[in-house]
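Heads up: numbering here begins at 1 and tracks the sequence. In listed order, ligands and their atoms are each counted from 1.
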Amino acid sequence: MAAHGMQQPAPQPLPGVAHVVAVGSGKGGVGKTTVAVNLAVALSKLGYKVGLIDADIYGPNVPMMLGVTRQPNIVGENMIEPIVSHGVKFISVGLISPGDKPMVMRGPMLHQIIRQFLQQVQWGELDFLIVDLPPGTGDVVISLVQTVPLTGAVVVSTPSDVSLQDARKALEMFHQVKVEVIGIVENMSHFTCPHCQQVIDIFSSGGAERTAAQFGLEFLGSLELDPSIRKGGDSGLPVSLAGPDSEIAKGFYEIARKVASAAVEIAGRTDDVLEIT
Ligand SMILES: Nc1ncnc2c1ncn2[C@@H]1O[C@H](COP(=O)(O)OP(=O)(O)OP(=O)(O)O)[C@@H](O)[C@H]1O
């Protein structure tokens, strides 16, 4: 851009949207979308107004996990009406290009889609707009931070060393694009054998908490590997629907509460900075 003498416009807050929070991971398949969806539903159940952007354009699973796959309506000239499911407004490439064909895209088109999802969807008033990022480091995050200011990011990892190695790269990426990391979630932390009640650390355990401590970040909590979490995702009925008192969902509510209070704290700090300048 600079080489062409073009100035990138400064990121603009979305009118009516208080906090944009990204959910990322280094690796794929660690449960990033599961966390994003359950976090969104939990925040909604806690009384917040919540939106969710499925920015995982190569594997848009949010429609399946929220149980709605119909195409969104276009209103007025070119505004998209988000789909509402379980109290969460959402948008996904999966709604626009359904089926099993992958979207093949070049960088500029990807950037356009992210901008469109932010600016041309009728989000209305939101306390939280959660963005489910594609795994890895890269283009989508750059498009995101060029378009809107982010309150922060949540990083999801399993406790395995391989997943943690990639999670550290995600932390580095957020640092490079100056997005504050709200904290780290350990997913698939352990498995309780339904027959013998023995706890098995399939992907090891405690690694994400140690990584959080190493980087001076908040540990947002650990989630069990549990078939009902997978079933909830596959059936479009995320376990968070069971409410904060449910044993299976309480981890997600703990994460939701921590994210909500961190967002307020971060925004308070940023406002102070803005007043000084
Ligand atoms: N704690 C868990 N217990 C049981 N199953 C889980 C858990 N977390 C995620 N899963 C399941 O693992 C699979 C992968 O999860 P998910 O799609 O959320 O990962 P992801 O990190 O978003 O993947 P990608 O970004 O590569 O698409 C899904 O089938 C999901 O239901």
message: Please determine whether salt bridge (charged side-chain N to carboxylate O under 4.0 Å, His left out) holds for the pair K89 and E125, giving the CA-CA distance in whole Å, both sets of side-chain angles, and the decisive distance to 0.1 Å.
response: CA-CA 11 Å; K89 291 179 183 170; E125 297 277 319; over 6 Å; no
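- Side-chain contact between L118 and L129 is present, with at least one heavy-atom pair separated by less than 4.5 Å.
- Residue pairs satisfying the ring-ring contact (aromatic ring centres under 6.0 Å, His included) criterion with at least one member in residues 151-173, sequence neighbours excluded, are absent.
- For ligand 1, the 4.0 Å heavy-atom shell contains residues G28, G29, V30, G31, K32, T33, T34, D56, N61, M65, P135, N187, M188, E224, L225, D226, I229, R230.
- Put simply, the side chain of E186 reaches to within 4.5 Å of the side chain of P159, judged on heavy atoms.
- Under a hydrophobic clustering in which Ile, Leu, Val, Met, Phe, Trp and Tyr are joined whenever their side-chain heavy atoms come within less than 4.5 Å, directly or via other members, L217 and V264 fall into different clusters.
- Checking each of D54, N61, D132 against S92 for a side chain to side chain donor-acceptor pair (under 3.5 Å) leaves exactly one that passes, namely D54.
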